[in-house]
Peer 1: 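I'd like to ask some things about the structure below.
Just so it is clear, the model here is predicted, and its values are computed rather than measured. When reading the values below, keep in mind they use all heavy atoms of this one structure, side chains included, and skip hydrogens, waters and symmetry mates.
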Amino acid sequence: MSKLLILAIVTITLALIFYTIGVFAEKKNGTLLKWHAVIFWLGFICDTTGTTVMGKISESGFSFNIHGITGLIALILMAFHAIWATVILIKNDENARKVFHKFSIVVWAIWLIPYIIGMFIGMRA
């Protein structure tokens, strides 16, 4: 197994860990906190890193298939999610902080789709 593949697997798995911790800690807490936003950003950075490394390994970059499309949608949603969390915290919008977790769970569930598809693709290779 190449060092790049190990790096990609580790960073994408870290994204899953960060994102899962952030989303469910926020839900359990009942409100969005600063550390949740930090965890969302870490998840996004790890996923972007892992995706970039996987693209280098495949040498084809973006593929117009179910994994590529759902992965792109997930990255866009993760970026929007982290940005929106940051904006809510900066504005100190108490109502938005309390309902943000509903959007978080949707983004997390959508993110799982390309993660799981990627695992199956990797197992076939």
Side-chain angles (χ1 to χ4, degrees):
M1 190 177 314
S2 78
K3 289 180 183 178
L4 280 179
L5 182 56
I6 293 169
L7 175 63
I9 291 168
V10 168
T11 55
I12 290 174
T13 302
L14 283 172
L16 172 66
I17 292 167
F18 284 133
Y19 226 63
T20 302
I21 289 170
V23 167
F24 288 98
E26 176 205 356
K27 180 170 176 42
K28 183 179 179 188
N29 194 288
T31 189
L32 175 66
L33 301 174
K34 289 179 185 176
W35 76 269
H36 298 138
V38 170
I39 295 292
F40 297 149
W41 279 111
L42 288 172
F44 174 71
I45 290 166
C46 286
D47 194 42
T48 302
T49 301
T51 300
T52 301
V53 173
M54 284 290 190
K56 288 182 188 291
I57 292 169
S58 74
E59 298 178 358
S60 63
F62 178 77
S63 296
F64 195 74
N65 57 29
I66 189 71
H67 181 62
I69 294 167
T70 58
L72 180 61
I73 290 168
L75 277 173
I76 291 168
L77 282 171
M78 286 176 79
F80 178 77
H81 182 244
I83 291 166
W84 190 24
T86 304
V87 169
I88 288 170
L89 290 168
I90 289 169
K91 289 185 174 182
N92 200 21
D93 184 339
E94 197 59 39
N95 186 47
R97 287 173 68 164
K98 289 181 181 176
V99 297
F100 186 76
H101 68 274
K102 293 175 185 177
F103 179 63
S104 296
I105 291 172
V106 170
V107 172
W108 176 81
I110 291 170
W111 183 87
L112 282 178
I113 295 167
Y115 181 85
I116 292 168
I117 292 170
M119 283 192 323
F120 282 112
I121 290 170
M123 285 190 279
R124 288 191 334 205

Peer 1: Honestly curious: do V99 and F24 fall in one hydrophobic cluster under the side-chain, below-4.5 Å linking rule?
Peer 2: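 Each belongs to a different hydrophobic cluster.
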Peer 1: How close do A37 and A85 get, counting heavy atoms only, and between which atoms?
Peer 2: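 Taking every non-hydrogen atom into account, CB-CB, 4.2 Å.
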Peer 1: Using the rule that two of Ile, Leu, Val, Met, Phe, Trp, Tyr join whenever any of their side-chain heavy atoms come within less than 4.5 Å, decide whether I83 and I45 are in one cluster.
Peer 2: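 No, I83 and I45 fall in different hydrophobic clusters.
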Peer 1: Between Y115 and I12, is the side chain to side chain contact (heavy atoms under 4.5 Å, CB included) condition met? List the steps.
Peer 2: CA-CA 8 Å; Y115 181 85; I12 290 174; 3.6 Å; yes
Peer 1: Flag the pair V107 / F80 as yes when at least one side-chain heavy-atom distance between them is below 4.5 Å, and no otherwise.
Peer 2: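 Contact flag for V107/F80 side chains = no.
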Peer 1: In this structure, which one of L16, L14, T20 forms a side chain to side chain contact (heavy atoms under 4.5 Å, CB included) with F18?
Peer 2: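 Between F18 and the candidates, side chain to side chain contact (heavy atoms under 4.5 Å, CB included) is satisfied uniquely by L14.
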Peer 1: Between I21 and H36, does a side chain to side chain contact (heavy atoms under 4.5 Å, CB included) hold up when you go through it step by step?
Peer 2: CA-CA 8 Å; I21 289 170; H36 298 138; over 6 Å; no
Peer 1: Please report the interatomic distance CD1(I117) to CD1(I69), rounded to the nearest 0.5 Å.
Peer 2: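 Here the rounded value is 10.0 Å.
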Peer 1: With rounding to the nearest 0.5 Å, note down the distance linking SG in C46 to CE in M78.
Peer 2: 8.5 Å
Peer 1: Looking at CG of L7 and OG1 of T52, how far apart are the two atoms once the value is rounded to the nearest 0.5 Å?
Peer 2: 10.0 Å
Peer 1: Checking T13 side chain against V10 main chain: does a donor-acceptor pair fall under 3.5 Å?
Peer 2: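 No; zero donor-acceptor contacts below 3.5 Å.
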Peer 1: Give me each pair satisfying side-chain hydrogen bond (donor to acceptor under 3.5 Å, both in side chains) with a member in residues 70-89, each pair once, sequence neighbours excluded.
Peer 2: Y19-H81, W41-T86, H81-S104
Peer 1: Would you say E26 and L33 make side-chain contact, with heavy atoms under 4.5 Å?
Peer 2: no
Peer 1: The test is side chain to side chain contact (heavy atoms under 4.5 Å, CB included); show your working for F40 and L32 and say whether it passes.
Peer 2: CA-CA 11 Å; F40 297 149; L32 175 66; 4.0 Å; yes
Peer 1: Test H101 against T31 for side chain to side chain contact (heavy atoms under 4.5 Å, CB included), laying out the working first.
Peer 2: CA-CA 7 Å; H101 68 274; T31 189; over 6 Å; no
Peer 1: Looking at every non-hydrogen atom in both residues, tell me the closest pair between G50 and A8 and how far apart they are.
Peer 2: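 Shortest heavy-atom separation between G50 and A8 comes out as O-CB, 3.9 Å.
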Peer 1: In Å, rounded to the nearest 0.5 Å, how long is the span from CH2 of W35 to CD1 of I39?
Peer 2: 6.0 Å
Peer 1: Using the rule side chain to side chain contact (heavy atoms under 4.5 Å, CB included), only one of D47, T48, V53, T49 pairs with T51; which is it?
Peer 2: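 With T51 as partner, side chain to side chain contact (heavy atoms under 4.5 Å, CB included) holds for just one option, D47.
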Peer 1: At what distance, to the nearest 0.5 angstrom, does CD1 of I110 lie from CD1 of I76?
Peer 2: 11.5 Å
Peer 1: With rounding to the nearest 0.5 Å, note down the distance linking CZ in R97 to NZ in K91.
Peer 2: 14.5 Å
Peer 1: Spell out, yes or no, whether F44 and L89 are grouped together once hydrophobic residues are joined by side-chain heavy atoms under 4.5 Å, including indirect joins.
Peer 2: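 Both belong to a single hydrophobic cluster.
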